[in-house]
Amino acid sequence: MTGKRPEPLVEIIRGPLAESVHHGHAVVVDRAGEIVFALGDPDAVILPRSAIKMFQALPLVESGAAGAAGLTSRHLALACASHDGAPLHVGMVEKWLATLGLGDDALRCGPHIPLGDGPAAALFRSLAAPRRVHNNCSGKHAGFLTLSRHLGAADDPDYVAPDHPVQHAVRATFEEVTGRPSPAMATDGCSAPNPATPIAAMARGLARFAAATGSDARGRAMVALREAMMAHPELVAGEGRACTELMRTAPGRIVLKTGAEGVYAAILPESGFGVAVKITDGAKRAAECAIAALAVGLGALSAQ
């Protein structure tokens, strides 16, 4: 334990005053695994929430399940997504499930109203109830189902159970890539296990994604996932969302992924940097501001 406190990362200015201040932790790690910049406590243990979906999708690709199922880069982007529940996203998940001979009830993420204002309004106008495919994590869960079948575990439908082969593979992969055992596990909003980790370990894992060259199975899987996210930013989040819009401003230069409660992750392939941010009050606006400012400072985004 370092005992370091969260530091002020974002100020909201009105006139001459800082009206609000958001504290947190931020870490940048290089391709050698070394911390090159940090604010707050690099050893702070966080729940990374949806910001680690690319880690959770690694076994899907590395195991050969994605190739065996004929998944495209669009499917891989959707497996890493916190999508809006727009027709684009829902339609893709439905077709993906159909190729597995499955329907909405196979998903273990709960139904919720689409994240996007437009898709939510359209659903309200239709008077239809939200389904599991509308869940922002439904692409990740379709990936879990694909991996479960490949592992010969399809007879056990509870693929989000911590002792299921899918979650064993996900946790082992996450701990190997970050280089640290997870000190605790929680349940994410979509019912899947979410491993706690020091924020520096998360950034180190992101740097491994950034530096991957495809020289081995894991490296090839990392390259495939980061390239898919950069090629299809509209699938990773949705129109008007920070992940999508920021990746569009710098095509092929940055991967961005949000997580609940003020977490954000970035992968910078050109420099080999991995970046992790946690805002301790959970504010999304502050996390988006902090990750964008760090990306500008590291040369991956333009300030214009």
Side-chain angles (χ1 to χ4, degrees), residues 50 53-116 118-161 164-167 169-170 188-193 221 224-225 227-229 231-239 241 243-244 257:
S50 286
K53 282 182 177 173
M54 60 285 272
F55 294 86
Q56 293 172 309
L58 258 181
L60 171 68
V61 183
E62 186 179 6
S63 68
L71 301 187
T72 67
S73 65
R74 290 173 61 81
H75 292 98
L76 299 187
L78 196 60
C80 299
S82 296
H83 64 70
D84 267 355
L88 169 69
H89 308 117
V90 172
M92 274 197 66
V93 175
E94 288 177 324
K95 290 178 181 177
W96 187 348
L97 292 173
T99 66
L100 299 173
L102 301 172
D104 190 75
D105 61 349
L107 296 172
R108 291 293 175 263
C109 54
H112 67 57
I113 296 167
L115 291 184
L123 187 66
F124 284 133
R125 287 194 296 268
S126 74
L127 302 181
R131 294 177 294 133
R132 298 176 187 185
V133 288
H134 291 107
N135 189 298
N136 66 290
C137 298
S138 63
K140 177 179 78 174
H141 283 249
F144 284 161
L145 284 164
T146 304
L147 177 60
S148 182
R149 177 162 298 188
H150 187 75
L151 296 176
D155 289 342
D156 181 357
D158 192 15
Y159 60 83
V160 295
H164 192 279
V166 166
Q167 298 307 326
V170 169
D188 210 341
C190 67
S191 301
L225 289 166
E227 294 295 322
M229 294 175 76
H232 307 289
E234 73 284 354
L235 294 176
V236 174
E239 299 303 321
R241 297 270 301 282
C243 290
T244 294
K257 184 68 194 73

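P157 places a side-chain heavy atom less than 4.5 Å from the side chain of R108. For the pair P130/H112, no side-chain contact is recorded, criterion being any heavy-atom separation below 4.5 Å from C-beta on.
Listed by first then second residue, pairs satisfying side-chain hydrogen bond (donor to acceptor under 3.5 Å, both in side chains) with a partner in residues 61-73 read E62-R218, T72-H75, S73-H232, not counting sequence neighbours.
Under the 3.5 Å distance criterion, the side-chain polar atoms of N135 are matched with a main-chain donor or acceptor of C137. When atom types are taken as modelled, the side chain of H89 and the backbone of E234 share a donor-acceptor pair closer than 3.5 angstrom.
For the residue pair K53 and A81, the shortest heavy atom distance occurs at NZ-O, 2.6 Å. The two residues V90 and G85 have their closest heavy-atom pair at CG2-O, 3.5 Å. In this structure, A228 and L76 approach most closely via the heavy-atom pair CB-CB, 3.8 Å. Taking both residues in full, the closest heavy atoms of G238 and D84 are given as CA-OD2, 3.5 Å, listed atom of the first, atom of the second, then distance. Across every non-hydrogen atom of A224 and V61, the tightest pair is CB-CG1, 4.4 Å. Considering every non-hydrogen atom in both A77 and V236, the closest pair reads O-CG2, 4.3 Å.
Side chain to side chain, S82 and K257 meet the donor-acceptor criterion of an N or O pair below 3.5 Å.
Expressed to the nearest 0.5 Å, how far CE of M229 lies from OG1 of T244 amounts to 9.5 Å. Between the CG atom of L225 and the CD atom of E227 there is a distance of 10.5 Å, given to the nearest 0.5 Å. The line from OG of S138 to NZ of K140 is 10.5 Å long, rounded to the nearest 0.5 Å. The NE2 atom of H83 lies 10.5 Å from the OG atom of S50; values are rounded to the nearest 0.5 Å. Summarising the geometry, atom OG belonging to S126 is positioned 4.5 Å from atom CG belonging to L123; distances are rounded to the nearest 0.5 Å. Taking SG of C80 as the start and CD of Q56 as the end, the distance is 9.0 Å to the nearest 0.5 Å.
Taking the ring pair (Phe, Tyr, Trp, His ring centres under 6.0 Å) definition, one finds that H141 meets it with F144, Y159, sequence neighbours left out.
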Test L88 against R74 for side-chain contact (heavy atoms from CB on, under 4.5 Å), laying out the working first.
-> CA-CA 11 Å; L88 169 69; R74 290 173 61 81; 3.5 Å; yes
Which side-chain N or O atoms in residues 96-106 pair as donor and acceptor under 3.5 Å with protein atoms at least two apart or in another chain?
residue, atom, partner, partner atom, Å
W96, NE1, T146, OG1, 3.0
T99, OG1, W96, O, 2.6
D104, OD1, R132, N, 3.1
D104, OD1, V133, N, 2.8
D104, OD2, R132, N, 3.2

